[in-house]
Amino acid sequence: MKEFLFGKLTWESLPHVWYTIGGTLFVILMAIGISIYLTKNKRWGWLWNEWLTSTDPKKIGTMYMIFSSLMFFRGMLDAALIYLQQSIAADSQGFLSADHFQQIFTSHGDIMVFFVTMGFFFGLMNWIVPLQIGARDLAFPFVNSLGLWLTVAGGILINFFFIIGGDFANTGWLALAPFSELEFNPSVGVDYLIWSLQLSGLGSLLAGINFFVTIIKKRAPGMTLLKMPLFTWNSLCAMVLIISAFPVLTATTLLLWIDRAFGMHFFTTDYGGNQMMYWNLIWMWGHPEVYILVIPAFGLFSEIVSTFSQKKVSGYLSMVIAAIAITTLSYLVWLHHFFVMGAGPKVNSFFGIVTMLIAIPAGVQVFNWILTMYKGKINLASPMYWFIGFLVIFMIGGMSGIFMASPPADFQVHNSLFLVAHFHTMIVGVALFGIFAGTTFWFPKIFGFKLNERLDKRAFWLWFVGFFVTFIPIYLLGFMGAPRRIDHYDSSTGWQPLYIIATIGFLIITCGIITQVYMVFKSIKERKKHRATGDPWNGRTLEWASHSPPPFYNFAIIPPITSYEPFWDLKKRGWKPEKKYKDIECFKNTGMGFYISTFAFIAGFAIVWHIIWLALVGVIGIIACIIILSFDDDMEYELPAAEVAKIEKTYEKDNYGS
């Protein structure tokens, strides 16, 4: 009976070590504090009706970014522990046990990839893509809400071991077999990882399908594919990768769970299992995932360099072709992650050559960005600082990537810190710098006021300098033979000074993060002074033709589309929208996305702990919600033209092209 009610749960599953006790107390205190605030200010209804049940992509985008910001601080805490441990662990164990260090290593990777970088880009896409293509909403508003809450459910589950469990996966962020099999990892840590990725992966897949359909079917009249802004084009390419690659992740982790739960042998070291099948499958998802994280940043930087150079982006068509080429080639390079595994010279040569070929379309984009700046009237606002910093770092990341694309060179640096430095060059220097640039660039569109320029530039320099102080030593450590994932080492290696320098670099980056947090609070406090109209940067694409922030329907009247820079064309023509408003079809709020994701979280938690009855409750709850939703024919409403006119009057101080 006890096993039926509680599965594998025991008293030992409750917090009993310093970090799980501390994490649990922090979560409880935060929950109490938020509850007191909402109760005191009578804001529970507002939170539910205006935010948690919203299907407005702008509010969903804001929630994505808030959630990703929280996860960012969680992931950076892991990074701080890693750097501190490695800087002091010469001839000693340091302050972390080997097992705890590996758990932190794993947690940091998964959180930063799945819940920070992807979450931020989905947030920006929710805000900007519909505005750029002249759409009033995404194709499937409910699915958009469901995708958000499944991602949040996965993010909560990946951290829930703090409260119940005590241990996380110590397998590395890809849970590589056979180490993630039950024989070597009998605790529930790997199961927490598997089911958090199942939930968040499903949320990302739904979001990818939604954005793909939206971009293909919801563009404004006259906006052909070759009149789409480059951020939308690159977002479309990233969605193709998500739709194609994430089912592979879902299937692979599900097979791993079946191995663990039912004694199967897909990836074991015995009974006919094949661990290399896991490596092939996980990297068939994993390498496209890297491009899912950076391709949207490429499109975002294209918008920024064009806007702040005050000229059309150079080679628009070649930029589109380059994005498609990168998307296609990203499927054909996964095996370069295990050149040393004995695939043979022919196979290694093919994957090495294809990996090098990606440098060609990437180089096309770099040259086009430089040509866009050439003879342009460059405005060195803070988004351009992030762009120029990205350009410098991207060159380093590209060269180190080409180096590792050569199998003989890869044999020397495989599984070393050189690989870690290369990966972080791309994720930090491309994806995170892109997120910071895009957030600064579109912040006045999202919130109606600019961020503090002086503080943003200061944060950039701290990040930029901190990046080099952190990762150049890590490149050198890789050349010196330092393997990744080590929690201690011998002082005779001579590695410790470089580890200490890398830690100092991380502290500089931390100062940059503190500056960014202060910048946001200071900008909010001084928002009246930094008030922005609909077009604060003299923009070129359609999002700048809307109010700041835009109304929930985005555009009262969809502007005409004449090129991939429609707003620039409209400003040159002196276009003003006619006040001939029409009824607008809008989607009602619904709590079903929240409910389904809550039941999915319950099911995931129950499966982790083998509580069969609770898992059935979760699954039945999901099915019941879907059935109820299928009978709901009243999900939309019409906003009368008179109401549209009334709302537009509240924005009468905004003007197009100002």
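In what follows, residues are counted from 1 in the order of the sequence shown. This one's a predicted model, so the numbers in the text were calculated from it and none came from an experiment.
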Point to revise | Presence of salt bridge, K571 and D535, under 4.0 angstrom | key: yes
Review point. Is K59 paired with E50 through a side-chain N to carboxylate O contact shorter than 4.0 Å?
Key: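 Salt bridge: yes.
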Would you call the rings of [X] and [Y] parallel, tilted or perpendicular if under 30° counts as parallel and over 60° as perpendicular?
{"X": "F301", "Y": "F387", "result": "tilted"}
{"X": "F246", "Y": "W285", "result": "perpendicular"}
{"X": "F447", "Y": "F443", "result": "tilted"}
{"X": "F298", "Y": "F390", "result": "tilted"}

Measure the [atom1]-[atom2] distance between [X] and [Y] for me, rounded to the nearest 0.5 Å.
{"X": "R219", "Y": "I558", "atom1": "CZ", "atom2": "CD1", "answer": "14.0 Å"}
{"X": "T510", "Y": "L77", "atom1": "OG1", "atom2": "CG", "answer": "10.5 Å"}
{"X": "L451", "Y": "T439", "atom1": "CG", "atom2": "OG1", "answer": "8.0 Å"}
{"X": "L193", "Y": "D110", "atom1": "CG", "atom2": "CG", "answer": "4.5 Å"}
{"X": "I584", "Y": "F555", "atom1": "CD1", "atom2": "CZ", "answer": "11.0 Å"}
{"X": "C625", "Y": "Y595", "atom1": "SG", "atom2": "OH", "answer": "8.5 Å"}

Check your understanding: Looking at W544, W127, F231, which hits ring-ring contact (aromatic ring centres under 6.0 Å, His included) with F441?
Key -> W544
Review point. What is the minimum heavy-atom distance between T117 and A431, and which atoms define it?
Key: CG2-CB, 3.6 Å
**Study point:** Heavy atoms of other groups near K579 NZ, more than 12 under 6.0 Å
**Key:** no
Check your understanding: Got more than 12 heavy atoms from elsewhere within 6.0 Å of CE, M635?
Key -> yes
